[in-house]
Amino acid sequence: MVLVREVGPGIQWVGAIDWDRRLFDALIPLPDGTSYNSYLVKGSEKTALIDGVDTSMVDVLLENLESLGLRKLDYIVSQHAEQDHSGAISKLAKVYPEAQILASARCMDLLVAFSLIPPDRVREVKNGEKVSLGDKTLEFIHVPWVHWPDTILTYVPESKVLFTCDFLGSHLATSDLYANDEARVYKSAKRYYAEIMMPFRTQIQKHLARVNQINPEVIAPSHGPLYRNPKFILDAYADWSSDKVKNQVVLPFVSMHGATKAMIDYFTDALISRGIFVQSYDLTKSDVGKIAESLVDAATVVVGSPTVLAGAHPAAIYVAFLANALRPKAKFASIIGSYGWGGKMPEQISQAISNLKVEVLQPVIAKGYPKEEDLKALDRLADDVASRHKGMGIL
Ligand code: FEO
């Protein structure tokens, strides 16, 4: 089956919708699938394809191009070398032997390394460089670290369409070409931001300013629907990537025999009764993407763990490691948990989140099931969190 959709005069969506993909990078759950958006831009003299699709769906892209009777392709713009965009390029390069692949220098290196593209098929495009297609122009904007060092955006000024690759995208399989259901897209885009973009918040802020300056009429990412209302996604990114945190606590925890869970439950209620929004996740049942999404805004993160084999539970270490890599903007952190005969659980968790620029509030660690004094300590920790949030003017 062929699906080609018009984005504007001379610009067509020729990508693939992956309704059934459920995992990305063997790490990130995709509850709503994704799409690999590829765009054909036809100028009066030359034709360019912007981004390919995932390796697994190259035939879908080729059939879409075939349906348009495309016999010759002048350029393949590889905005980013990751396989979900460039996996199809090696086959495309064979089908369209005259096509020159345009990419940043970093991307060229990665295309050769990962997709085994012959180096002589790739030409570097510099930041700000323009390539004419006749009555349309491709302008390239380098945006390193969204989320690899190689990424470029492509702007077609005559159409005011900005192609943004991973930046501003969402893992969402939908029949909507555009983000018509903004509430649904907001959720997917936020989760996507959390999983992929959050570690690069500072770079994101800089690149957002550049996109605002360009002021495109349409933003066309390479995953999820396009934006006819760019302000929607630009405002959302400005909020997520800002330094502002919200009156929220994220509580990822694991409990073996109920002691840590009893402490987490008590602490959750203590926070709620102090007017704090809480998101609590049992790590044996939770989706890491959802936890990542919760980390976007939260002022405080508290990890709950029992002590096992003299240290933290591996599930708690896993989430601490993940949070450490995602580098959320949280300002405070703490640890809650239990032990039987000793161990270094709190030290291990503190060490695992050493990248986070947080103040660590006094952990509460109970020997066995929490007693009266442990509950009082949890109340003190809840008071401490509330007073820090008040001090920041968010409670
Ligand atoms: Fe959509 Fe970085 O790949």
Side-chain angles (χ1 to χ4, degrees), residues 13-39 49-58 60-61 76-90 92 101-115 117 140-154 162-174 179 185 188-201 203-204 207 211 219-227 233 237 240-241 288-289 292-293 322 325-327:
W13 179 98
V14 290
I17 304 173
D18 198 340
W19 298 94
D20 302 319
R21 186 153 182 180
R22 287 293 172 267
L23 200 60
F24 199 87
D25 288 347
L27 172 68
I28 301 166
L30 301 186
D32 300 309
T34 191
S35 68
Y36 315 111
N37 302 338
S38 178
Y39 301 95
L49 185 76
I50 298 183
D51 276 353
V53 296
D54 188 74
T55 323
S56 61
M57 299 191 102
V58 60
V60 177
L61 171 60
I76 299 168
V77 179
S78 174
Q79 300 191 110
H80 166 40
E82 197 167 5
Q83 281 72 6
D84 53 319
H85 308 275
S86 293
I89 287 181
S90 134
L92 275 169
I101 300 164
L102 305 180
S104 68
R106 296 298 288 273
C107 187
M108 285 171 66
D109 172 54
L110 296 168
L111 286 173
V112 172
F114 284 109
S115 299
I117 306 280
F140 302 106
I141 302 125
H142 286 213
V143 287
W145 301 112
V146 294
H147 59 128
W148 280 19
D150 60 337
T151 308
I152 57 173
L153 314 182
T154 308
L162 179 67
F163 300 95
T164 58
C165 196
D166 278 334
F167 192 37
L168 310 169
S170 60
H171 281 312
L172 177 61
T174 168
V185 177
S188 294
K190 185 173 185 181
R191 184 182 168 108
Y192 181 89
Y193 166 85
E195 293 161 339
I196 295 167
M197 302 291 165
M198 190 156 64
F200 309 104
R201 218 162 48 84
Q203 282 88 346
I204 298 277
H207 300 323
V211 172
I219 286 178
S222 297
H223 298 294
L226 290 68
Y227 306 96
I233 193 66
Y237 258 66
W240 302 332
S241 64
V288 291
E293 188 188 329
L322 198 64
L326 293 175
R327 281 179 273 161

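In each ligand, atom 1 is the first atom listed, and ligand 1 is the first ligand listed.
No more than 12 heavy-atom neighbours from other residues, nucleotides or ligands sit within 6.0 angstrom of CZ on Arg106.
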* To do: Starting from the C-alpha separation in whole Å, work towards a yes-or-no answer on side chain to side chain donor-acceptor pair (under 3.5 Å) for Asp51 and Tyr36.
  => CA-CA 9 Å; Asp51 276 353; Tyr36 315 111; over 6 Å; no
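Ring centers of His171 and Phe24: under 6.0 Å apart, within the cut-off.
Protein atoms that are N, O or S and lie under 2.8 Å from atom 1 (Fe) of ligand 1 are these: Asp84 OD2, His85 NE2, Asp166 OD1, His223 NE2.
Using modelled atom types, one side-chain atom of Arg22 and one backbone atom of Leu30 make a donor-acceptor pair closer than 3.5 Å.
Contact of the Leu172 side chain with the Val185 side chain is registered, since non-hydrogen atoms from C-beta on lie closer than 4.5 Å.
The salt bridge (charged side-chain N to carboxylate O under 4.0 Å, His left out) test applied to Glu293 returns Lys187, Lys290, not counting sequence neighbours.
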